[in-house]
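What follows is one structure encoded as structure tokens, with my remarks underneath.
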Amino acid sequence: MRAMRAEGFGGYQDLKLVDIPKPVPSEGRLLVRMRAAGVTPLDHTILSGQFPRSTAPLVLGNEGAGIIEGGDADFPEGTRVAFLGPFGVFENGSYSDYVAVPKELLLRVPDAIDDATAASLPVAYLTAYIALMNAGFAAGKIVLAPAIGGSVGNATTRLAHALGASHSISSTTSHAKAEEAKALGFDEVVDLTAEGLTDGVNRLSEGHGADIVIDGIGGKILSAALPALAPGASVITLGYSAGRETTINVTDLIWKAASIKGFLLLTESASARQAAWSVISDLLVSGKVRPMVAKVFALEDAAEGLRYLIEERPFGRVVLKI
């Protein structure tokens, strides 16, 4: 079978189309014939040698969508599924024709959702939903999820709005992206070329501040978000595309009796992910949430897809068609 495999971890040039044996599912796993694979910043982190626990050669891709081949009573032949897991990190991943997936990681895909969209959902939307719940989300809360163009920022903003947040605020460092977001219906995006994050949040929330912050990018954005917290606010930090280090003023937490906590999707239970997927699927089918796929690349163009994601920073997800 075909697979895009990282032969080393030195950059885009190490990603090669190779022919490898078709996986044989072990007990508890089912074979998924891939239709599409999501491209994520984690793939780039691994390919560039910044995740030392991964070893080459390795087929990248930790999320995707496809069709069950063979199957069993729970997932018969032809069942449409999506999944995420340790794939592309600790074992061969979704940049391939087939993946053997543990049954507990399989997520049923409603007929109304196409393959490319399904492949773009698991990481971003499960992260966004579970992080919101972990932060104590309830209807009426004010949510800040910086980086409207990023996968988690975009998913969190959409989900919070659909679930009844009184304000679902995001941000961008690009004026052009702020205008694009406005044209797409995102009317609570702080344009950081025109005002500071705290000023923007206070303006949009009428001085209340953010009850919940879901930080998917880290760096200076995390430190800039803390002065915008409401009393008793909860901050979940889970990404570092804007930087692994930041400086915070601890009084932003102390004086607001706020909390800050890390989040890692892979440590969440399979049952928590299944419950979250059920809610997300209902929102997708109803049309209350409309994910965005920015561009689809062929499997053999995976390196270009990764380059596009990291260097062009598109508004929406990047997906490989398989």
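The chain is numbered in sequence order, starting from 1.
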Q) Mind checking whether Leu238 and Leu264 have side chains closer than 4.5 Å, heavy atoms only? A) no
Q.
Could you report the tightest heavy-atom contact between Pro146 and Ser170, atom names first, then the distance?
A. C-OG, 3.7 Å
Q | Ser166 side chain near Ile142 side chain, heavy-atom distance below 4.5 Å | A | yes
Q: Keeping the roles fixed (side chain from Ser168, backbone from Ala165), state whether a donor-acceptor pair exists under 3.5 Å.
A: no
Q: Can you sort out the partners of Asp199 under side-chain contact (heavy atoms from CB on, under 4.5 Å), two or more places apart, ordered by chain and number?
A: Glu195
**Q.** Selection residues 231-244 - residue pairs positive for side chain to side chain donor-acceptor pair (under 3.5 Å), sequence neighbours left out
**A.** Asp215-Thr237
Q.
Measuring from atom OG of Ser171 to atom CD1 of Ile169, what distance do you get when rounded to the nearest 0.5 angstrom?
A. 10.0 Å
(Q) Side-chain heavy atoms nearer than 4.5 Å, only ILVMFWY residues, links allowed to pass through others: does that put Val99 and Phe75 together? (A) yes
Q) How long is the gap from CZ on Arg273 to CG on Leu106, to the nearest 0.5 Å? A) 11.5 Å
Q.
If you count every heavy atom of other residues, nucleotides or ligands that lies below 6.0 Å from Lys103 atom NZ, does the total exceed 12?
A. yes
**Q.** Any Asp211 side-chain heavy atom under 4.5 Å of Phe137 side chain
**A.** no
Q: Would you check, one step at a time, whether the test side chain to side chain contact (heavy atoms under 4.5 Å, CB included) holds for Glu69 with Leu31?
A: CA-CA 6 Å; Glu69 186 171 287; Leu31 194 61; 3.8 Å; yes
Q) Just by distance, do the side chain of Trp277 and the backbone of Leu126 share a donor-acceptor pair under 3.5 Å? A) no
Q) Transitively linked via ILVMFWY side-chain contacts under 4.5 Å: Val32 with Val109? A) no
Q.
Any donor-acceptor pair under 3.5 Å linking the side-chain atoms of Asn154 with those of Thr157?
A. no
**Q.** Minimum heavy-atom distance between Pro291 and Leu121, given as atom pair plus value
**A.** CG-CD2, 3.5 Å
**Q.** NZ (Lys220) with more than 12 external heavy atoms under 6.0 Å
**A.** no
Q) Under the side-chain hydrogen bond (donor to acceptor under 3.5 Å, both in side chains) test, which residues partner Glu7, sequence neighbours left out? A) Arg5
Q) Any chain of hydrophobic side-chain contacts (each under 4.5 Å) joining Leu229 to Ile214? A) no
Q) Just how far is it from atom CG of Leu42 to atom CG of Leu265, taken to the nearest 0.5 Å? A) 11.0 Å
Q: Report yes if the side chains of His167 and Leu144 come closer than 4.5 Å at any heavy-atom pair, otherwise no.
A: no
**Q.** Chi angles and distances behind the salt bridge (charged side-chain N to carboxylate O under 4.0 Å, His left out) call for Asp282, Lys288
**A.** CA-CA 9 Å; Asp282 288 345; Lys288 293 180 180 179; over 6 Å; no
Q) Take atom CZ in Arg313; do more than 12 heavy atoms of anything else shown fall under 6.0 Å from it? A) no
Q | By side-chain contact (heavy atoms from CB on, under 4.5 Å) - contacts of Pro102 (at least two apart) | A | Arg29, Phe87, Glu104, Leu105
Q.
Using side-chain heavy atoms (C-beta onward) and a distance below 4.5 Å, is Val189 in contact with Thr172?
A. yes
Q | Residues which pass ring-ring contact (aromatic ring centres under 6.0 Å, His included) with Tyr125, listed by chain and number, not counting sequence neighbours | A | none
For residues 12-20, which side-chain N or O atoms pair as donor and acceptor with protein atoms under 3.5 Å away, sequence neighbours left out?
residue: Gln13; atom: NE2; partner: Gly10; partner atom: O; Å: 3.3
residue: Asp14; atom: OD2; partner: Gly10; partner atom: N; Å: 2.6
residue: Lys16; atom: NZ; partner: Gln13; partner atom: O; Å: 3.0
residue: Asp19; atom: OD1; partner: Met1; partner atom: N; Å: 3.0

Q.
Determine whether Leu222 and Ile260 satisfy the following criterion, side chain to side chain contact (heavy atoms under 4.5 Å, CB included), listing intermediate values before the conclusion.
A. CA-CA 11 Å; Leu222 173 58; Ile260 185 169; 4.3 Å; yes
Q: May I ask you to test the Asn62-Thr40 pair for a side-chain heavy-atom distance under 4.5 Å?
A: yes
Q: Please name the pair of heavy atoms, one in Ala36 and one in Val319, separated by the smallest distance, quoted to 0.1 Å.
A: CB-CG1, 3.8 Å
Q | Steps toward side chain to side chain contact (heavy atoms under 4.5 Å, CB included) verdict (Tyr98, Met34) | A | CA-CA 5 Å; Tyr98 289 90; Met34 299 299 300; 5.7 Å; no
Q: Indicate yes or no for a side-chain donor-acceptor contact from Ser96 to the backbone of Ala3 under 3.5 Å, with no hydrogens or angles considered.
A: no
Q: Output every pair passing salt bridge (Lys or Arg N to Asp or Glu O under 4.0 Å) with a member in residues 295-309, not counting sequence neighbours, ordered by first then second residue.
A: Arg2-Glu300, Glu304-Arg307
**Q.** Shortest non-hydrogen separation from Leu309 to Pro41 and the atoms involved
**A.** CD2-N, 3.8 Å
Q. Which atoms form the tightest heavy-atom contact between Ala6 and Ala56, and what is the distance?
A. O-CB, 3.9 Å
Q) How far does CG of Leu163 sit from CG of Leu283, to the nearest 0.5 angstrom? A) 5.5 Å
Q. Do you know which two heavy atoms are closest between Gly61 and Asp43, and how far apart they sit?
A. N-OD1, 3.5 Å
**Q.** Residues, nucleotides or ligands: over 12 heavy atoms within 6.0 Å of Glu245 CD
**A.** no
Q: Report yes if some heavy atom in the side chain of His44 is under 4.5 Å from a heavy atom in the side chain of Val39; otherwise report no.
A: no
Q: Quick one: list whatever passes ring-ring contact (aromatic ring centres under 6.0 Å, His included) with Phe297, sequence neighbours left out.
A: Tyr308
Q.
Closer than 3.5 angstrom, by distance alone: can the side chain of Ser223 be matched with the main-chain N or O of Ile248 as a donor-acceptor pair?
A. no
(Q) I need the Ile236 CD1 to Thr127 OG1 distance, nearest 0.5 Å. (A) 11.5 Å
Q) Under the side-chain contact (heavy atoms from CB on, under 4.5 Å) test, which residues partner Ser151, sequence neighbours left out? A) Ala124, Arg317
Q: Quick one: which residue pairs count as a side chain to side chain donor-acceptor pair (under 3.5 Å) with a foot in residues 76-85, not counting sequence neighbours?
A: Arg80-Asp115
Q: Under the side-chain hydrogen bond (donor to acceptor under 3.5 Å, both in side chains) rule, collect the residues that match up with Arg33, sequence neighbours excluded.
A: none
(Q) If hydrophobic clusters are built from ILVMFWY residues whose side chains come within less than 4.5 Å, do Leu47 and Tyr95 share one? (A) yes
Q) With no hydrogens and no angle check, is any side-chain donor or acceptor of Ser278 less than 3.5 Å from a backbone partner on Ala275? A) no
Q. Do Ile148 and Tyr129 share a hydrophobic cluster, counting only Ile, Leu, Val, Met, Phe, Trp and Tyr and linking them when any side-chain heavy atoms are less than 4.5 Å apart?
A. no
Q.
Quiz question: by atom type and distance under 3.5 Å, do the side chains of Ser271 and Ser269 form a donor-acceptor pair?
A. yes
Q) How long is the gap from OG on Ser94 to CG on Leu320, to the nearest 0.5 Å? A) 7.5 Å
Q) Taking side chain as C-beta onward, heavy atoms only, is Phe9 less than 4.5 Å from Ser54? A) yes
Q.
My understanding is that only residues two or more places apart in sequence, or in another chain, count here; which of them pass side-chain hydrogen bond (donor to acceptor under 3.5 Å, both in side chains) with Asn249?
A. Thr251
